[in-house]
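Let me begin by presenting the structure, written as structure tokens, before commenting on it.
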Amino acid sequence: MTIAPALPAPAAVAARAHEIHAAWQADTEMGVVLDGCARYSSDWDDFYGGPLISTYSVARDAGPLLDTALRVMALKTAVYELTADELLAELPEPVPVDVTCHALCAQFTTLSRIQQRTGHLFVHSTVNEHTVATPWDTGDFTHQACEAAFGPVNERYWIPAAEAERRRQILDTAYATIGITDRGMTSAIDYAAP
């Protein structure tokens, strides 16, 4: 019988995540990654991540979202380093933060060099997100570990699960009026020339 590993205590993950985050931030190329992601924010189009934030503006919100995403990535990496379990390390996170993690991970080549120099992998898996299928919520493990490592979270971006779903339903209705349905996965817009 195989026993699945349990999550370490939030304080243990927080301590490790703080070290990992500091190592990444000290790397000579991390500033380039964060600045590049923020500067080329026109590539940040999504239907249900950023738009869940009230009065969202990628120009205004990119910096704080990237900082938050890097912190969450450090938490995931800490869990992975402490347990060697990639599925367990796929911690739930708020939707806008998750979308920002995807933008960050798109800087693959540079992040690969940073991983190699610091010895800390960037642990993030969309496949495992769907396997775990647990939305982030206030007070959960991710929230506790993040606050223990980095202080209070910015509630603008840490939208609880029920509120995120309520906002998604508002977006569902708005997008449907222009033919975009299935949470942005289906479009009835025909671009054929008349």
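In this chain, residues are counted from 1 in sequence order. All values reported here derive from a predicted model rather than from experimental measurement.
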Less than 4.5 Å apart, any side-chain heavy atom of Leu70 and any of Gln25? yes

Note, Pro92 side chain near Asp137 side chain (heavy atom, < 4.5 Å): no

Any side-chain heavy atom of Tyr175 within less than 4.5 Å of one from Pro51? yes

May I have the step-by-step check of side chain to side chain donor-acceptor pair (under 3.5 Å) for Asn154 and Trp158, ending in yes or no? CA-CA 6 Å; Asn154 186 333; Trp158 289 74; over 6 Å; no

Answer yes or no: is there a side-chain heavy-atom contact under 4.5 Å between Leu7 and Val13? no

Tell me the closest heavy-atom pair linking Leu82 and Ala12, and the distance in Å. CD1-O, 4.0 Å

Mind checking what makes salt bridge (charged side-chain N to carboxylate O under 4.0 Å, His left out) contact with Glu163, not counting sequence neighbours? Arg166, Arg167

Which residues pass the side-chain hydrogen bond (donor to acceptor under 3.5 Å, both in side chains) test with Arg16, not counting sequence neighbours? Glu19, Glu81

Sub-4.5 Å side-chain heavy-atom contact between Glu165 and Leu52: no

Minimal non-hydrogen separation, Leu66 against Leu34, with atom names: CD1-O, 3.5 Å

Nearest atoms (heavy-atom pairs only) where Ala14 meets Ala145: CB-O, 3.5 Å

Could I get the full list of salt bridge (charged side-chain N to carboxylate O under 4.0 Å, His left out) partners for Arg60, not counting sequence neighbours? none

For residues Tyr56 and Tyr157, establish whether the separation of their ring centroids is below 6.0 Å. no

Is a side-chain N or O of Gln144 found less than 3.5 angstrom from the main chain of Gly139, in a donor-acceptor match? yes

Of all residues at least two apart in sequence or in a different chain, which pass the ring pair (Phe, Tyr, Trp, His ring centres under 6.0 Å) check with Phe122? Trp24

Any Val33 side-chain heavy atom under 4.5 Å of Leu104 side chain: yes

Closest contact, heavy atoms only, Val99 versus Gly49: CG2-CA, 3.7 Å

Is the backbone of Val153 close enough, under 3.5 Å, to the side chain of Glu147 for a donor and an acceptor to pair up by distance? yes

Are Trp136 and Ile159 packed together at the side-chain level, in the sense that at least one heavy-atom pair is separated by less than 4.5 angstrom? no

Distance-only criterion, 3.5 Å: show the donor-acceptor pairs between side-chain atoms of residues 184-194 and protein atoms not counting sequence neighbours.
| from | atom 1 | to | atom 2 | distance (Å) |
| --- | --- | --- | --- | --- |
| Thr186 | OG1 | Asp182 | OD2 | 2.5 |
| Ser187 | OG | Ile189 | N | 3.2 |
| Asp190 | OD1 | Ala192 | N | 2.9 |

Residues that, via side-chain heavy atoms closer than 4.5 angstrom, fall in one hydrophobic cluster with Tyr80: Leu121, Val123

Would Arg156 and Asp61 pass as an ion pair if we require N to O under 4.0 Å? yes

Is it the case that the side chain of Thr110 and the backbone of Gln107 share a donor-acceptor pair, with hydrogens and angles ignored and the cut-off at 3.5 Å? no

Would a 4.5 Å heavy-atom cut-off, applied to side chains only, mark Glu90 and Lys76 as touching? yes

